[in-house]
Amino acid sequence: MDQIKVGHLSFDYPLIMNAAGMCKTFEVNPIVEISRPFDAVVIGSITPLQRSGNTGTCEELENSLYGLNSWGMPNGGVESAQYIDGLHGPLVDLTTPIIVSVAGFSSEDYHYLIRKLACWGSGIEINLGCPNVRDDGSQHKIASFDPEYMAEIFEEIRQLNNIGQLTTIGVKLSPYSDPGLLKEIAAVIIESGLVHYVATCNTFPNGIGFDNWGRSRIQTDQAGWFGGISGRALNPISLSNAYQFRQLLPESIAVIRVGGISTARDVWESYQIGCVGVQIGTAYAQKGPRLINTIREDLASLQEELA
């Protein structure tokens, strides 16, 4: 297969990345460790101010059918010295491309975050699937479901002259069940002229699960029983969303599938519908780096079998 191109970055087949949320800080050891099995590492999401994250039971990853999480985006905030000075430290020798995920609470936040972090790594991933909970615990409309707000965010980012010519820009989206809304979102992305890749999809919001004793699997002070659904439950949804976006977007905008990917077959299917690569989150959290090596080995065997 030809070399994979994503914005200003080039990769060999297959392109396997981690999903945002797995590495929350810019500390050296976690980044170096998580970068080993992946072709690119996604850090964050990073927010304007420091966030301590939700308190209580924030994740359920033991269920093989799905995952639930309500971490609350813990991170040190963009002004932390570890972010601003990161590339001047030991990470300067890291050869794996670093993509920084950013999440704001307003269009101005995204402008500010990208201005601060655009030169930190190899790319920026604009997280429009979070946040859906404010610091006071109230919920508001997720940017992914608001085309006008998305257009406003892109307009703010465009004020950063030539930003798309300087760094690879991706956008992380929520899962869509309404094909009409998905088309509207695709049109906004095309109109922006900023986006090099779409990562689809983020967790399905506001899921609830109970254990065998009738207790909620998620119990946080900020979000109650609600958590984002990830893992195998998202597999057919992410496949469909990725396929729809691939049909609607120009070839210049790559599609990266994320959500429920845990096997070589999932990676193969992603390429069959036109994705350039995948991101893996829940399955990696459950099984660790060995999973990625297994997927690569199985993928080679699968391709020989299907050839």
Side-chain angles (χ1 to χ4, degrees), residues 4-11 15 17-26 31 34-35 38-49 73 75-80 82-87 91 94 96-131 143-144 149-174 185 188-202 249 252-256 258 276-277 279 281:
I4 297 164
K5 186 78 172 176
V6 182
H8 306 295
L9 302 174
S10 295
F11 303 93
L15 169 56
M17 306 163 60
N18 70 293
M22 297 171 57
C23 191
K24 295 287 190 178
T25 73
F26 282 74
I31 292 178
I34 206 171
S35 71
F38 292 110
D39 301 299
V41 57
V42 183
I43 308 299
S45 293
I46 307 304
T47 54
L49 301 177
M73 293 191 301
N75 71 98
V78 73
E79 292 291 351
S80 172
Q82 62 180 327
Y83 306 146
I84 301 303
D85 299 332
L87 282 183
L91 293 184
L94 189 67
T96 305
I98 297 174
I99 295 176
V100 184
S101 173
V102 297
F105 294 91
S106 69
S107 58
E108 291 81 7
D109 280 353
Y110 285 97
H111 177 284
Y112 173 66
L113 287 162
I114 294 175
R115 178 169 60 83
K116 287 285 188 179
L117 295 172
C119 295
W120 201 97
S122 302
I124 293 286
E125 186 171 284
I126 305 168
N127 183 356
L128 299 181
C130 296
S144 287
Y149 180 35
M150 279 185 60
E152 181 183 316
I153 291 171
F154 289 140
E155 181 58 35
E156 276 287 337
I157 297 171
R158 266 200 300 265
Q159 306 308 310
L160 299 167
N161 292 334
N162 300 319
I163 184 65
Q165 298 176 24
L166 300 174
T167 190
T168 295
I169 296 179
V171 59
K172 177 79 168 288
L173 300 172
S174 299
I185 297 303
V188 171
I189 290 170
I190 295 169
E191 180 66 23
S192 76
L194 288 170
V195 178
H196 295 111
Y197 76 85
V198 167
T200 181
C201 52
N202 196 29
L249 297 173
S252 59
I253 302 177
V255 176
I256 295 175
V258 51
V276 301
Q279 293 181 355

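Just so we're clear, the structure is a prediction, and the values are computed from it rather than from any experiment.
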Starting at [atom1] of [X], measure out to [atom2] of [Y] and round the result to the nearest 0.5 Å.
X      : Y      : atom1 : atom2 : result
Asn162 : Thr167 : CG    : OG1   : 12.5 Å
Arg115 : Glu156 : CZ    : CD    : 11.0 Å
Ser10  : Leu15  : OG    : CG    : 10.5 Å
Met22  : Ile43  : CE    : CD1   : 10.0 Å
Ile163 : Thr168 : CD1   : OG1   : 10.5 Å
Leu117 : Ile124 : CG    : CD1   : 5.5 Å

Applying side chain to side chain donor-acceptor pair (under 3.5 Å), can you list everything that pairs with Thr96, at least two apart in sequence or on another chain?
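Per chain and number, Thr96 pairs via side chain to side chain donor-acceptor pair (under 3.5 Å) with no residue.
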Output, in order, the C-alpha distance, side-chain angles, deciding distance and verdict of side chain to side chain contact (heavy atoms under 4.5 Å, CB included) for Lys116 and Val102.
CA-CA 11 Å; Lys116 287 285 188 179; Val102 297; over 6 Å; no
Minimum heavy-atom distance [X]-[Y], with the two atoms named:
X      : Y      : answer
Ala143 : Ile153 : CB-CD1, 4.3 Å
Leu113 : Pro48  : CD2-N, 3.6 Å
Ala20  : Val42  : CB-CG1, 3.7 Å
Ala19  : Gln279 : CA-OE1, 3.8 Å

Would you find a donor on one side and an acceptor on the other, under 3.5 Å apart, between the side chain of [X] and the backbone of [Y]?
X      : Y      : value
Ser144 : Ser174 : yes
His196 : Gly170 : no
Tyr110 : Gly104 : yes
Asp39  : Met17  : no
Arg158 : Leu194 : no
Gln159 : Glu155 : yes
Asn75  : Thr47  : yes

I'd like to check [X] versus [Y] (side-chain heavy atoms, cut-off strictly below 4.5 Å). Are they in contact?
X      : Y      : result
Ile189 : Met150 : yes
Lys172 : Ser101 : no
Phe154 : Ile126 : yes

More than 12 foreign heavy atoms under 6.0 Å from CD of Glu191: is that the case here?
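Atom CD in Glu191 is not crowded, with 12 or fewer foreign heavy atoms closer than 6.0 Å.
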Leu128 and Tyr149: CA distance, side-chain angles, deciding distance, side chain to side chain contact (heavy atoms under 4.5 Å, CB included) verdict
CA-CA 10 Å; Leu128 299 181; Tyr149 180 35; over 6 Å; no
Would you please test Glu125 and Tyr197 for side-chain hydrogen bond (donor to acceptor under 3.5 Å, both in side chains) and show each step?
CA-CA 9 Å; Glu125 186 171 284; Tyr197 76 85; 2.7 Å; yes
